[in-house]
Amino acid sequence: MLATAANDHLFWITSRAAGTLALLFSSVAVGVGLSMGGKLIRGRGPDLRAIHEALSMATIVAIVVHAVALLGDSFMHPSLADITIPFVSSYMTAWTTLGIVGGWMMIILGLSFYARARIGQQRWRTLHRFTALAWILGLAHSLGEGTDAGQVWFLVATAIVALPAAALLVIRMSPRRRAPAAAAPEAVAR
């Protein structure tokens, strides 16, 4: 009985697990990337590029598994277009579209790292900043449509990785504080 139930839901369970992993991996990858890019780690700290790259690749794999596993789902029966083209799916269209757009952005922007030499370092940096938007779209997708969105365990796991990344993003986007101007020599000597 349990084996039959597991087989009937295997694709859905796989997609659900991969989606959760994509959210967790991407949140940590965004946090690590913002830590490196925001120069929060001063001096000769650890080189986090390899970790950032590994988390980015794990995110991409999890996104692909999340989407492709749905093709075998016996409840939704989505088509390839439903899982790859925005606004095609009739299932929770807005949330699904956010996930599709965020997923494509995350894949393209993640793989753009390997095209830096061709597109130029500065252009790549400008493009790479949109990764935060892709992450926000994925976060919205998971909280709006995810099966586990209302579950305490999911909300706690998401908060543990997403809140630090969100805080780093807010810090990164806030206007830079300028050092106070040095006092004029006349004001110092009375």
Q: Roughly how far apart are Phe11 CZ and Asp73 CG, rounded to 0.5 Å?
A: 9.0 Å
Q: Starting at CH2 of Trp95, measure out to CG of Leu137 and round the result to the nearest 0.5 Å.
A: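 One finds 10.5 Å between CH2 of Trp95 and CG of Leu137.
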Q: If you define the side chain from C-beta out and look only at heavy atoms, does anything of Ile51 sit under 4.5 Å from Val28?
A: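 Contact flag for Ile51/Val28 side chains = no.
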Q: Which value, rounded to the nearest 0.5 Å, describes the distance between Met106 atom CE and Ile60 atom CD1?
A: 8.5 Å
Q: Looking only at heavy atoms, what is the nearest atom pair of Gly31 and Leu168, with distance?
A: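 Closest heavy-atom pair between Gly31 and Leu168: O-CD1, 3.4 Å.
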Q: Look at the side-chain heavy atoms of Ile, Leu, Val, Met, Phe, Trp and Tyr, link any pair under 4.5 Å apart, and say whether Trp104 and Leu71 land in one connected group.
A: no
Q: Quick check: are there more than 12 heavy atoms from other residues, nucleotides or ligands sitting under 6.0 Å from CE of Met92?
A: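 Buried by this count: over 12 neighbours within 6.0 Å.
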Q: Quick check against the 3.5 Å criterion: does Thr97 have a side-chain atom that pairs as donor or acceptor with the backbone of Phe87?
A: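 It does hold such a pair.
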Q: CE of Met105 to CD1 of Ile63: how many Å apart, nearest 0.5 Å?
A: 11.0 Å
Q: So how far is it from Ser26 OG to Leu21 CG, rounded to the nearest 0.5 Å?
A: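 Atom-to-atom, Ser26:OG and Leu21:CG are 10.5 Å apart.
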Q: Check whether any side-chain N or O of Ser112 sits under 3.5 Å from a backbone N or O of Ala115 as a donor-acceptor pair, and report yes or no.
A: no
Q: For Trp12, does its backbone N or O pair with a side-chain atom of Ser15 as donor and acceptor, under 3.5 Å?
A: no
Q: Val32 and His52: which non-hydrogen atoms are nearest, and at how many Å?
A: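 Looking at all heavy atoms of both residues, the shortest contact is CG1-CB, 3.9 Å.
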Q: Where do Trp135 and Ala166 come nearest, in terms of heavy atoms and distance?
A: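 Looks like CH2-N, 3.7 Å.
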Q: Could you pull out the closest heavy-atom pair between Ala157 and Leu24, with the gap in Å?
A: O-CD2, 3.7 Å
Q: Determine the minimum heavy-atom distance between Leu23 and Ser142, stating which atoms define it.
A: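 Closest approach of Leu23 to Ser142: CD2-OG, 3.4 Å.
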Q: If you define the side chain from C-beta out and look only at heavy atoms, does anything of Asp82 sit under 4.5 Å from Tyr91?
A: no
Q: With clusters defined by side-chain heavy atoms of hydrophobic residues (ILVMFWY) lying less than 4.5 Å apart, directly or transitively, does Val68 cluster with Met57?
A: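 Looking at the clustering, Val68 is in the same group as Met57.
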Q: Is any side-chain heavy atom of Val64 less than 4.5 Å from a side-chain heavy atom of Ile107?
A: yes
Q: Please check if Val170 and Ile136 belong to a single hydrophobic cluster, counting links between Ile, Leu, Val, Met, Phe, Trp and Tyr side chain heavy atoms closer than 4.5 Å.
A: no
Q: Would the distance check show the side chain of Trp124 and the main-chain N or O of Ala117 forming a donor-acceptor pair, the cut-off being under 3.5 Å?
A: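 Looks like no, no N/O pair under 3.5 Å.
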Q: Out of curiosity, does Val156 fall in the hydrophobic cluster containing Leu163 (side-chain heavy atoms, cut-off under 4.5 Å, transitive links)?
A: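 They do not share one cluster, since no chain of ILVMFWY contacts under 4.5 Å joins Leu163 to Val156.
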Q: Between Val88 and Ile100, is a side chain to side chain contact (heavy atoms under 4.5 Å, CB included) present by the stated rule, with each step listed?
A: CA-CA 10 Å; Val88 170; Ile100 291 169; over 6 Å; no
Q: Under 4.5 Å between any side-chain heavy atoms of Leu143 and Leu155, yes or no?
A: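 With C-beta onward as the side chain, the pair touches.
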Q: Closer than 3.5 angstrom, by distance alone: can the side chain of Thr96 be matched with the main-chain N or O of Thr93 as a donor-acceptor pair?
A: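 No; zero donor-acceptor contacts below 3.5 Å.
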Q: Mind checking the CD1-OG1 spacing from Ile108 to Thr131? Nearest 0.5 Å is all I need.
A: 11.0 Å
Q: Kindly give the heavy-atom pair with the smallest separation between Ala165 and Ser27, and that separation in Å.
A: CB-O, 3.5 Å
Q: Membership question, hydrophobic clusters at under 4.5 Å side-chain separation (ILVMFWY): are Val161 and Met36 in the same one?
A: yes
